[in-house]
Amino acid sequence: PTGIGVSLDTPTVKAAGVVIFDRDNHRYFGGIELSVLKKFDLTAVGVLTTRMPDGSEGYAILFIISFSFPNPIHIAYNFWLAGLGGLLGLNRSMEVDRMRSGLQAGSLDSILFPKDIVRRLDTIVTDLEQCFPPHRDQFLIGPMALIQWSTPPLIRAKVGLIIEFANPVRLALLGVLRATLPTEEKAVLDLKVAFLGTIDVEKGLLAFDASIYDSFIGYGDWKFTLDGDIALRISWGRQKDFVNTVG
């Protein structure tokens with residue numbers, strides 16, 4: 001078989017999962033969605049590659065798991081914790097340029113609390129493979145959080161901090177911020193901002209990029225698209241430099 005799929009629908013548990021065997025490309029991947037008593041939702045995606053890009057024997061693993069809470073946990077000042085998650089990569093690295101170019105396309109939605117796993121599995125895995133390609137002796141670890149402001153939420157933020165080591169050592173702060181006013185169902189303003197900040201210790205470079213995508217202001221037939229970008233670069237290495245642009 002080239003794949004296995006399972007679904008379960010009961011009053012207490014709803015689940016769906018699939019595993020795909022891509023033997024020609026030495027790749028195996030799968031995903032699962034699980035909802036229990038409307039208390040929490042779990043999603044997980046895993047990718048296993050059994051051959052390195054240069055054709056040599058080896059393995060590379062990437063695994064993302066996330067929990068979301070239909071009833072968020074109050075933190076303080078009307079902020080609520082709506083989810084937790086994490087990323088683990090063995091023999092994987094970050095392709096920062098690919099992550100940066102995918103801000104406008106919404107690629108971070110495949111990394112941070114992905115939804116509709118089974119139906120979108122091919123798209124999610126493609127984004128993950130391009131953003132975190134196999135790389136021998138490099139490792140990734142990244143906690144994630146889903147935070148919202150107010151109930152029902154007016155602002156949601158999906159944030160993740162990914163650390164790559166051992167050589168080079170790099171950090172990436174990535175996230176998606178969404179504001180819907182006055183409500184998500186009857187939004188007059190729907191603003192989505194994807195951002196990526198990175199620190200490359202070896203190069204002595206800090207970079208930050210943000211993009212507005214899939215956003216609008218207005219109602220009914222009177223809607224206007226919103227888009228824009230910001231980019232910041234600070235170099236403290238041998239050649240010190242600073243540049244910032246907003247549009």
Side-chain angles (χ1 to χ4, degrees), residues 53 62 64 79 85-87 89 92-114 123-124 126-149 154-181 189-218 223-247:
L62 183 66
I64 294 177
F79 285 95
L87 175 148
R92 297 270 180 178
S93 67
M94 288 190 293
E95 186 60 52
V96 175
D97 289 338
R98 172 62 182 82
M99 295 168 68
R100 186 177 294 127
S101 65
L103 292 178
Q104 280 278 5
S107 295
L108 295 191
D109 288 325
S110 296
I111 302 171
L112 300 168
F113 299 91
T123 300
I124 293 172
T126 297
D127 288 339
L128 294 178
E129 286 270 73
Q130 292 178 353
C131 292
F132 307 109
H135 192 292
R136 196 180 299 276
D137 298 327
Q138 285 294 102
F139 305 94
L140 302 171
I141 185 170
M144 303 175 186
L146 175 59
I147 299 172
Q148 67 183 45
W149 184 77
L154 300 179
I155 301 175
R156 293 188 181 92
K158 301 187 293 184
V159 183
L161 175 64
I162 300 177
I163 303 170
E164 179 184 357
F165 58 96
N167 185 27
V169 176
R170 295 188 294 177
L171 287 80
L173 177 67
L174 60 157
V176 177
L177 179 70
R178 184 180 184 185
T180 52
L181 301 174
L189 172 66
D190 191 342
L191 182 67
K192 299 178 184 177
V193 182
F195 61 86
L196 172 65
T198 60
I199 297 178
D200 191 320
V201 177
E202 183 180 33
K203 294 181 179 179
L205 177 65
L206 181 148
F208 180 82
D209 296 84
S211 292
I212 300 173
Y213 73 101
D214 194 20
S215 302
F216 66 86
I217 185 171
K223 287 185 179 181
F224 300 90
T225 300
L226 298 176
D227 57 59
D229 299 275
I230 180 173
L232 170 70
R233 301 290 183 272
I234 299 176
S235 174
W236 66 87
R238 181 174 301 177
Q239 181 179 346
K240 296 176 175 56
D241 218 338
F242 172 88
V243 62
N244 186 35
T245 178
V246 180

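Quick caveat, the model's predicted, so the values are computed rather than measured.
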Can you tell me how far CG of L196 sits from OG of S107, rounded to the nearest 0.5 angstrom?
-> 11.0 Å
So which pairs with a foot in residues 228-247 pass salt bridge (Lys or Arg N to Asp or Glu O under 4.0 Å), sequence neighbours left out?
-> D209-R233
Pairs meeting criterion side chain to side chain donor-acceptor pair (under 3.5 Å) with involvement of residues 192-206, two or more places apart | K192-D214
Which distance, rounded to the nearest 0.5 Å, do you find between the CG of L140 and the CZ of R170?
-> 9.0 Å
Heavy-atom pair of closest approach, residues I64 and S110 | CD1-O, 4.5 Å
Q148: side-chain hydrogen bond (donor to acceptor under 3.5 Å, both in side chains) partners, not counting sequence neighbours | none
Flag the pair L173 / F195 as yes when at least one side-chain heavy-atom distance between them is below 4.5 Å, and no otherwise.
-> yes
Residues forming a side-chain contact (heavy atoms from CB on, under 4.5 Å) with N244, sequence neighbours excluded | I230, L232, F242, V246
So CE of M99 and CG of D127: to nearest 0.5 Å the spacing works out to 11.0 Å
Heavy-atom nearest pair, A194 first then Y213, reads CB-CE2, 3.8 Å
Residues L177 and A157: closest non-hydrogen pair is CD1-CB, 3.9 Å
So how far is it from C131 SG to R92 CZ, rounded to the nearest 0.5 Å?
-> 11.5 Å
Please report the C-alpha distance between M94 and F132 in whole Å, then the side-chain angles of each, then the deciding distance to 0.1 Å, and finally whether the side chain to side chain contact (heavy atoms under 4.5 Å, CB included) criterion is met.
-> CA-CA 5 Å; M94 288 190 293; F132 307 109; 3.8 Å; yes
Listed partners of L189 passing side-chain contact (heavy atoms from CB on, under 4.5 Å), at least two apart = L181, L191, I217, L226
Using modelled atom types only, decide if a donor and an acceptor are shared between the side chain of T126 and the backbone of I124 within a distance under 3.5 Å.
-> no
Should the pair K158 and F113 be classed as cation-pi, given the thresholds of under 6.0 Å to the six-membered ring centre and 45° from the axis?
-> no
List the steps, then state whether side chain to side chain contact (heavy atoms under 4.5 Å, CB included) holds for L108 with L103.
-> CA-CA 7 Å; L108 295 191; L103 292 178; 3.6 Å; yes
Whether Q138 side chain and N167 backbone form a donor-acceptor pair below 3.5 Å | yes
Which heavy atom in L128 sits nearest to a heavy atom in I111, and how many Å separate them?
-> CD2-CG1, 3.8 Å
Tightest non-hydrogen contact, residues W236 and L206, listed as CZ3-N, 3.5 Å
Could you pull out the closest heavy-atom pair between G228 and Q104, with the gap in Å?
-> O-NE2, 3.9 Å
Please examine the side chains of V201 and F165, heavy atoms only from C-beta on, and report whether any two atoms are closer than 4.5 Å.
-> no
Can you name the residues that form a side-chain hydrogen bond (donor to acceptor under 3.5 Å, both in side chains) with E95, not counting sequence neighbours?
-> none
Any L62 side-chain heavy atom under 4.5 Å of L87 side chain = yes
